[in-house]
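Step one of this worksheet: look at the structure below.
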Amino acid sequence: MNARNKILEWAEEGRIASDQLAAALKTCKLLPDQRGWLQFLDRLLLGLGTLLLVSGIIFFFAANWDGIGRYTRFALVEAAFLACLLLLWRLGNTSLAGQAALMGAVLLTGALLALVGQTYQTGADNWELFFAWSLLVFPWVALGKNSILWLIWLGLINLCTITYAQAHQSLFWEDDLLWLLFIINTLALVLWQKLADLEHIPTDAHWPIRILATASGVCITLLALQAVVDSASISSIMAWLIWLGTIYYVYRRQRVDLYILTGGVLSIIVTISVFFTQHLLTGDSVFSLVLLTVLVLGLSAAGGWWLRQILEEMHRQ
Amino acid sequence: MNTDNTTLWRQLQQAKLVTEERAPEQTATAAPWYMRTMLAFMGWVGALLILAVLFSGLSGMLKSNTGRLGIAIILGFTALLLFRGKESQDFRMQFALALSLAAQALIFWSLGNMLLPQQPVVAALVVMVLALVLLAGIPNSIHRLWSAGIASLALLYLMGQFGMAPVAGAILSGAACWLWQKEFDLVRWGSILRPLVWAVTLTALVQLSGEELHSLLQLLFSRQSSMQPELLVLRGAITLGIIILVTHTMLKEAGIKTFSLSGLAAMAVLFLLAFFIPGIGFSLLLTLVAFSRGNHLLAGMAVASLLLFLSKYYYLLDISLLHKSLLLAVSGLLLLALRLLIMHLSASGATK
């Protein structure tokens, strides 16, 4: 339980007078002081004001797009692109504004490529746009050392894969796309975790690793479900079991990440439930349904109990 | 921030805010949001399966309202006994949650059959009262959030039935902001009130995302509106009242005088945003309230809803893209000007 919730719990129990609660939170530095407020207002108004203004400018150009000539369109996008690069050069990569400018340049690269495709009707497929985009911005992403930029880049790789599969459906079997996405995201997860372990990237933020683990987990769970429903090849089930074992070893034994373990538990519950639904709901339906209900509730309770044990252990340490 | 009990208690002792010598024993650690979401989802799946069992085995009894209500009472009573057991066990809690949700589904079904479509107001009132009773009576955080959600949705429906739909978003969002601000004053009933305020907040966001804004924005661009004038005035008055009430406290905390230039400018900008672009205005106000209360989860949700409303705004087809662009750009410039004003005045010491 975090400090704020603990203090609120004590106040609810009457250990802290309710008129002293704000003072208690301020004492433990859980409420902002005047300096904190000014800092927060500065960032919030700057970020939101800029976002609204830039959105307004983008909408303005969108409203007049048909009336704008071909060269003017390119000039507008390239001017915005150069403005981002200029800001990045002036502010440097380490400042927040510099990072925002780099992100702007990465996104505008895609806008420029889309404009080329729209204007010159090159006949290129969507996957070629995403492929070229990810290739061109890779050096900036590598030098940027920004988690958001890396995730955007991985998002482009995923989109490239999906659109390629859509354009070449004859080359792909049913679950080939899922396998590709699983491999891409799992490799990214492994690499990211390794770099974090070697402290080549910031280790205090868990969320990028959790996003990658979610993507990897969703893909392998869908593959396992497909194998269960279609009674298809056993390789998906084997891969799912190996994935579960690896997740357990890395995120329970080597380190503890409760979010990823929760995802693993959910994957197990869903897959086993679907398996038993396929094989139980045939004969006597009432008895089968009762069995299934007990199974689902039992699995979720067991999963909840196990996760709670880990949570208690984390808080004791 | 995870801090042990002793360290926190010592800080409070040094500030003479607590009298007990020893820190309280560590209670069961609250599960993080993703664990509770998973358990709540599985509880729902369990409820659906129980209903499926009932339909298979007791289909005859389920055909009549009396039969359904009878089964619902048995399920609900069993759930209550399980919830109120001495020790918290995961299987028992999950089973109780599933039974309770199944019982409520049967009750709502029966109520719908008996009272709809002739008496929708009575049906909504009964649902709301039942949900509030369950909120107070069942000591389970996931169940409380569910009950609070049902009560909020029933309230929203009742507002619609009484012709208050155009102002429902303003009322709910204002109530949510005000209640979050009062969180410390009402802390003694926190375990009951907090789920309720979360539910009101989420219902307000849902209502605002579904509201048609064209009548407000038409007012801005063509000085005409399809909304009735009295509702327009009422909405404006409610919005202004909430802005003043909520912002006054926050300005005091930030060291800005309410009737100073920056204080009045802040209130004016918030009012304009909350009135003409309610989704964005309310999300911004909620972000400020959440920050003032140190509630990071609420602040994160408020910022996410702010960005979602901004994206949704793009698909608003009721006014032209040009008008949308002007509204966004002017709003952005106002916020940037407000920032400059606040920073300039605080630097020159004019805020004290």
Side-chain angles (χ1 to χ4, degrees), chain A residues 1-8 10-12 15-16 18 20-25 27-28 30-32 34 37-38 40-42 44-46 48-53 55-57 59-60 62-63 258-259 262 266 269 285-286 289-290 292-293 296-298 300-301 304-305 307-308 311-312 315, chain B residues 1-3 5 8 11-12 15 17-18 20 24 27 29-32 34-35 38-39 42 45-46 49-50 52-53 56-57 90-91 94-95 98 184-185 187-188 190-191 253-255 284 287 291-292 294-295 306 310 320-322 324-326 328-329 331-333 335-336 338-339 342-343 346:
Chain A
M1 186 184 286
N2 66 31
R4 182 185 186 272
N5 288 344
K6 249 189 240 187
I7 291 175
L8 286 178
W10 289 338
E12 192 173 343
R15 298 178 202 273
I16 303 172
S18 55
Q20 299 286 315
L21 181 52
L25 288 164
T27 301
C28 301
L30 294 167
L31 287 186
Q34 188 184 349
W37 261 110
L38 287 174
F40 172 71
L41 287 173
D42 177 29
L44 179 69
L45 293 173
L46 179 63
L48 188 58
T50 309
L51 187 62
L52 288 174
L53 182 61
S55 301
I57 293 170
F59 282 24
F60 179 79
L258 198 59
Y259 174 86
T262 305
L266 185 60
I269 295 172
S285 62
V286 177
L289 279 170
V290 169
L292 193 56
T293 306
V296 167
L297 291 175
S300 59
W305 174 84
L307 291 168
R308 209 177 292 281
L311 184 64
E312 297 290 338
H315 281 271
Chain B
M1 173 176 97
N2 286 317
T3 316
N5 280 11
L8 269 179
Q11 281 180 285
L12 296 175
L17 293 166
V18 292
E20 290 173 43
T27 53
T29 313
Y34 44 82
M35 251 180 78
M38 186 201 81
L39 291 171
M42 294 318 300
V45 171
L49 286 169
I50 288 172
V53 167
S56 289
D90 289 289
F91 182 78
Q94 278 299 94
F95 191 49
F184 299 160
D185 297 332
V187 72
R188 287 293 170 91
S191 52
E253 288 169 10
L284 180 59
T287 307
F291 179 74
S292 78
N295 192 331
L306 187 58
L310 203 56
S320 71
L321 206 48
L322 185 63
K324 269 192 254 183
S325 72
L326 288 174
L328 283 169
S331 306
L333 286 170
L335 289 177
L336 289 171
L338 181 63
R339 174 189 170 261
I342 290 174
M343 294 305 135
S346 75

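Lettering follows sequence order; numbering is per chain, from 1.
In this structure, the portions of B:Ala52 lying under 4.5 Å from any heavy atom of chain A include both its backbone and its side chain. Looking at A:Leu8, both its backbone and its side chain come within 4.5 Å of chain B, counting heavy atoms on both sides. When heavy atoms are compared at a cutoff of 4.5 Å, B:Met343 approaches chain A solely by way of its side chain, counted from C-beta outward.
With contacts defined as side-chain heavy-atom distances shorter than 4.5 Å, the pair B:Leu328/B:Ser331 does not qualify. The side-chain heavy atoms of A:Gln20 and B:Val18, taken from C-beta on, include no pair separated by under 4.5 Å.
In terms of heavy-atom pairs under 4.5 angstrom with chain B, the leader among A:Ser18, A:Gly298, A:Ala63 is A:Ala63. Considering only heavy-atom pairs separated by less than 4.5 Å from chain B, the leading option among A:Leu46, A:Leu44, A:Leu38 is A:Leu46. Ranking B:Leu284, B:Val53, B:Leu306 against chain A, the residue ahead of the rest is B:Val53, based on heavy-atom pairs under 4.5 Å.
Every residue was checked against the ring-ring contact (aromatic ring centres under 6.0 Å, His included) condition with B:Phe184, not counting sequence neighbours, and none meets it. Residues that satisfy the side-chain hydrogen bond (donor to acceptor under 3.5 Å, both in side chains) test with A:Thr50, not counting sequence neighbours, are absent from this structure.
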ask   = Hey, mind stepping through B:Gln11 and B:Leu17 against side chain to side chain contact (heavy atoms under 4.5 Å, CB included) and telling me if it holds?
value = CA-CA 9 Å; B:Gln11 281 180 285; B:Leu17 293 166; over 6 Å; no
